[in-house]
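One structure below.
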Amino acid sequence: MIQPRTFKGARDFLPEQMLHRERILDTMRTVFKKYGYAPVETPAIEYLDVLTGKYGEEADRLIYKLNYKTGTKDEAALHYDLTVPFSRMVAMNNDLAMPFKRYQMQPVWRADRPQPHQGRFREFYQCDVDCVGSSSMLIEAELIAITYEVLNGLDIPDFLIKINNRKILNGITQYIGLDNNFVGDVCVSIDKLDKVEWNEVAKELKDKNIHTTSIDKLHDLLTQKLNLTQLKSALAEIEIAQEGIAEIEEIFYYLQILGIPEQYFTFDIALARGLDYYTGPIFETKLPKHPHIGSLNGGGRYNGLIASFGGKDLPSVGTSLGLDRIFTAMQQLNLLSEVKTSTQVLVGNFGADTLDASLKLVKELRANGINTEFYPEATKMKKQFSYCDKKQIPFMAILGSEELAQNKITLKVMKTGLQNLIDFNELLEKLA
RNA sequence: GACAUCGUAGCUCAGUUGGUCAGAGCAUCGGAUUGUGGUUCCGAGGGUCGUGGGUUCGAGCCCCAUCGAUGUCCCCA
């Protein structure tokens with residue numbers, strides 16, 4: 001016998017989970033379209049070389065390589081995210097009207113160690129919104145507004161969109177006297193600072209052959225806990241940092257005009273993001289009260305990625321909402337009411353004498369837009385009511401011989417147990 | 001990839017220093033005088049105690065290995 005099991009880090013979803021997941025996806029889709037983004041889809045499978053070298057060493061190792069024609073030109077992998085395949089798609093389609101705005105909701109795969117409690121899986125859905133062909137910070141602001149609108153629309157409380165800029169991180173690296181090769185190391189250290197003591201971070205940097213004067217300079221800068229304005233004067237000499245800070249200021253200005261409440265977004269110097277392709281503003285959404293749950297959202301500007309496929313050098317920025325993260329968060333925050341069905345009414349089956357009339361009733365209900373189920377067997381009522389109850393269908397309609405004789409229907413409200421003999425029009429009113 | 005804990009029915013767990021130890025509750029299915037669920041009562045199915053070795057007269061309980069799960073770190077959605 002073969003032991004039935006799901007692949008590590010991949011999950012089955014039963015109706016009561018799928019109904020919630022679909023609601024989350026519907027919310028996103030509605031918001032994405034409201035902002036003028038259009039749907040696209042790319043294959044789950046890509047040539048391996050399309051994917052490698054874009055994310056960085058760490059992430060490249062997590063790409064799911066397919067054990068199929070390895071070592072040939074046909075080497076393939078499951079896509080690791082949607083940004084790189086999308087960039088490939090843009091590079092292959094030179095006639096897109098710019099700026100090109102798309103959304104894309106598909107599963108992606110990462111050969112990671114799953115941690116379900118933190119919302120971390122090997123197969124999960126990313127829901128990306130990206131805009132290619134504009135360098136305006138209006139797009140960054142728009143993407144942050146979309147993120148806010150989706151999470152707020154799902155009634156998720158106290159989320160925080162953290163915003164930083166790779167240009168600032170580059171500037172800091174430059175400020176402490178290191179060249180750009182060390183940006184990654186510096187980012188990792190800064191990122192750790194809110195969890196680990198400075199001594200440990202300093203030791204790590206030493207181990208990476210970074211000079212003490214640089215480490216001390218970094219320490220001085222970070223321990224001051226500067227806000228954006230203070231950072232601006234501290235890094236007055238560093239041109240790239242000034243550029244980055246100005247961009248963040250511009251984004252904040254737009255967010256204010258767009259009416260995004262201030263408590264939902266913040267500048268965070270410690271935000272680094274691991275993927276290599278980011279070049280400008282970056283963002284990530286966390287639940288500060290539930291730090292163990294991984295980020296619900298992440299994104300940033302990645303000018304240059306499309307050019308790496310030989311296409312035009314198009315400026316691009318995008319953000320990704322994690323369906324599984326949001327779903328996990330909502331589960332743990334008890335935001336998911338118990339829903340087992342989308343059926344509104346169950347029509348009982350009372351056998352041959354009333355079958356035609358019942359089926360016609362079912363047809364009419366559906367024609368009026370009411371989600372209707374018809375019990376397939378003419379079993380005892382107890383069983384049919386029990387089914388209705390277990391599936392939490394709110395109403396049961398009964399059309400037996402007694403009702404048929406009077407040309408009426410009995411409607412039972414399952415929650416209260418009350419029932420009435422009514423005609424079809426009244427039935428429609430009650431179910432509407 | 002590093003470290004820690006844990007693996008008994010679909011789920012939550014009992015199982016005492018190795019000797020009826022294969023159990024309970026919930027869930028599922030069926031029944032309690034023929035058109036009424038969610039309460040109650042009765043009954044049934046379901047586990048070679050993760051897997052493979054070893055110690056022993058005898059192991060769910062001890063030892064080794066292996067696989068899997070969970071948590072923390074790293075990184076991410």
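Each chain gets a letter, A, B and so on, in the order its sequence line appears, and its residues count up from 1.
Nucleotides C74(B) and G68(B), compared at atom C1', are 23 Å apart to the nearest Å. Here, G47(B) and U8(B) have their P atoms 15 Å apart, quoted to the whole Å. Comparing A9(B) with U34(B), their C1' atoms sit 37 Å apart, to the nearest whole Å. For U33(B) and U17(B), the P atoms lie 49 Å apart once the distance is rounded to whole Å. Nucleotides U66(B) and C26(B) place their P atoms 41 Å apart, quoted to the nearest Å. G37(B) sits 26 Å from G46(B) when the C1' atoms are compared, rounded to a whole Å. Across the C1' atoms, A69(B) and A24(B) are found 24 Å apart, a figure rounded to whole Å. Rounded to the nearest Å, the gap between the P atom of G60(B) and that of U48(B) is 14 Å.
Closest to the P116(A) side chain, of the nucleotides G35(B), C75(B), G71(B), is G71(B). Nearest to the side-chain atoms of Q118(A) among the listed nucleotides C73(B), U36(B), G37(B) stands C73(B). The nucleotide whose nearest atom lies closest to any side-chain atom of H117(A) is, among A77(B), G71(B), U36(B), G71(B). For S401(A), the listed nucleotide lying nearest its side chain is G35(B); candidates were G35(B), C74(B), A69(B).
Rounded to an integer number of Å, the gap from M330(A) CE to A77(B) P is 21 Å. Following rounding to the nearest Å, Y375(A) (OH) and U36(B) (P) show an atom-to-atom distance of 15 Å. Counting to the nearest Å, the C1' atom of G71(B) and the NE2 atom of H292(A) are 11 Å from each other. For M381(A) and U36(B), the CE to C1' distance is 5 Å, given to the nearest whole Å. Look at CG on D81(A): it is 18 Å from P on C75(B), rounded to the nearest Å. A77(B) atom P lies 11 Å from atom CG of L82(A), rounded to whole Å. The separation between L355(A) atom CG and G35(B) atom C1' is 17 Å, rounded to whole Å. Spacing between atom CG of L346(A) and atom C1' of U36(B) amounts to 12 Å, rounded to whole angstrom units.
With rounding to the nearest 0.5 Å, the separation of NZ in K340(A) from CD1 in I393(A) is 11.5 Å. Taking CE from M105(A) and CD from E41(A), the interatomic distance works out to 10.0 Å, rounded to the nearest 0.5 Å.
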Write out a two-atom table: protein N or O, nucleotide N or O from nucleotides 1-3 of chain B, distance below 3.5 Å.
from	atom 1	to	atom 2	distance (Å)
A2(B)	N6	R113(A)	NH1	3.3

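With hydrogens and angles left out, the side chain of D389(A) and the base of G38(B) share no donor-acceptor pair within 3.5 Å. With hydrogens and angles ignored, no donor-acceptor pair under 3.5 angstrom links the side chain of Q384(A) to the base of U36(B). One can find a donor-acceptor pair under 3.5 Å joining the base of G37(B) and the side-chain atoms of K412(A).
A cation-pi arrangement, defined by a distance under 6.0 Å to the six-membered ring centre and an angle within 45 degrees of its axis, is absent between R29(A) and Y103(A). Seen from the ring of F267(A), K162(A) does not count as a face-on cation partner, given the 6.0 Å and 45° thresholds.
Within 6.0 Å of the CZ atom in F13(A), the count of heavy atoms belonging to other residues, nucleotides or ligands exceeds 12.
Here K101(A) does not pair with D130(A) in a salt bridge; the nearest charged N to carboxylate O distance is not below 4.0 Å. Taking the charged nitrogens against the carboxylate oxygens, D128(A) and R102(A) do have a contact shorter than 4.0 Å, which makes a salt bridge. A salt bridge links K167(A) to E247(A): one of the charged nitrogens lies within less than 4.0 Å of a carboxylate oxygen.
Residues satisfying the salt bridge (Lys or Arg N to Asp or Glu O under 4.0 Å) criterion with R273(A), sequence neighbours excluded, are E284(A).
Residue contacts for G400(A): at a heavy-atom cut-off of 4.0 Å it reaches a base atom on one of the strands shown. At the heavy-atom level, Q392(A) lies nowhere under 4.0 Å from the strands shown. F121(A) comes within contact range of at least one nucleobase, with a heavy-atom separation under 4.0 Å. Among the heavy atoms of the strands lying under 4.0 Å from G417(A) is at least one base atom, whether or not backbone atoms are also near. Residue-level contact check: N297(A) touches the backbone only, with heavy atoms under 4.0 Å from sugar-phosphate atoms and none from bases. L321(A) comes within 4.0 angstrom of no nucleic acid atom, judged by non-hydrogen atoms across all strands.
Nucleotide G47(B) has no partner under the Watson-Crick or G-U criteria, as no pair reaches both atom distances under 3.5 Å. Judged by Watson-Crick or G-U wobble contacts below 3.5 Å, the nucleotide C26(B) has G10(B) as its partner. Base pairing of A32(B): its partner is U40(B), meeting the Watson-Crick or G-U wobble criterion (both donor-acceptor distances under 3.5 Å). Taking a pair to require two hydrogen-bonding distances under 3.5 Å in either a Watson-Crick or a G-U wobble arrangement, U72(B) pairs with A2(B).
Stacking between F124(A) and the base of A77(B) is present: ring centres sit under 5.5 Å apart and the planes differ by under 30 degrees.
Contact annotation: K390(A) side-chain N/O to A27(B) OP1/OP2 distance is not under 4.0 Å. Within the 4.0 Å cut-off from OP1 or OP2 of G31(B), at least one side-chain nitrogen or oxygen of K380(A) is found. Using a 4.0 Å cut-off, no side-chain N or O of K391(A) falls inside it from OP1 or OP2 of G38(B).
Take the nearest nucleotide of RNA chain B for L296(A) and for Y387(A): the residue whose nucleotide is more 5' is Y387(A). Place R120(A) and V413(A) on RNA chain B by their nearest nucleotides, and V413(A) ends up nearer the 5' end.
Y387(A) and Y375(A) have their aromatic ring centers within a separation under 6.0 angstrom. The aromatic ring centres of F265(A) and F283(A) sit 6.0 Å or more apart.
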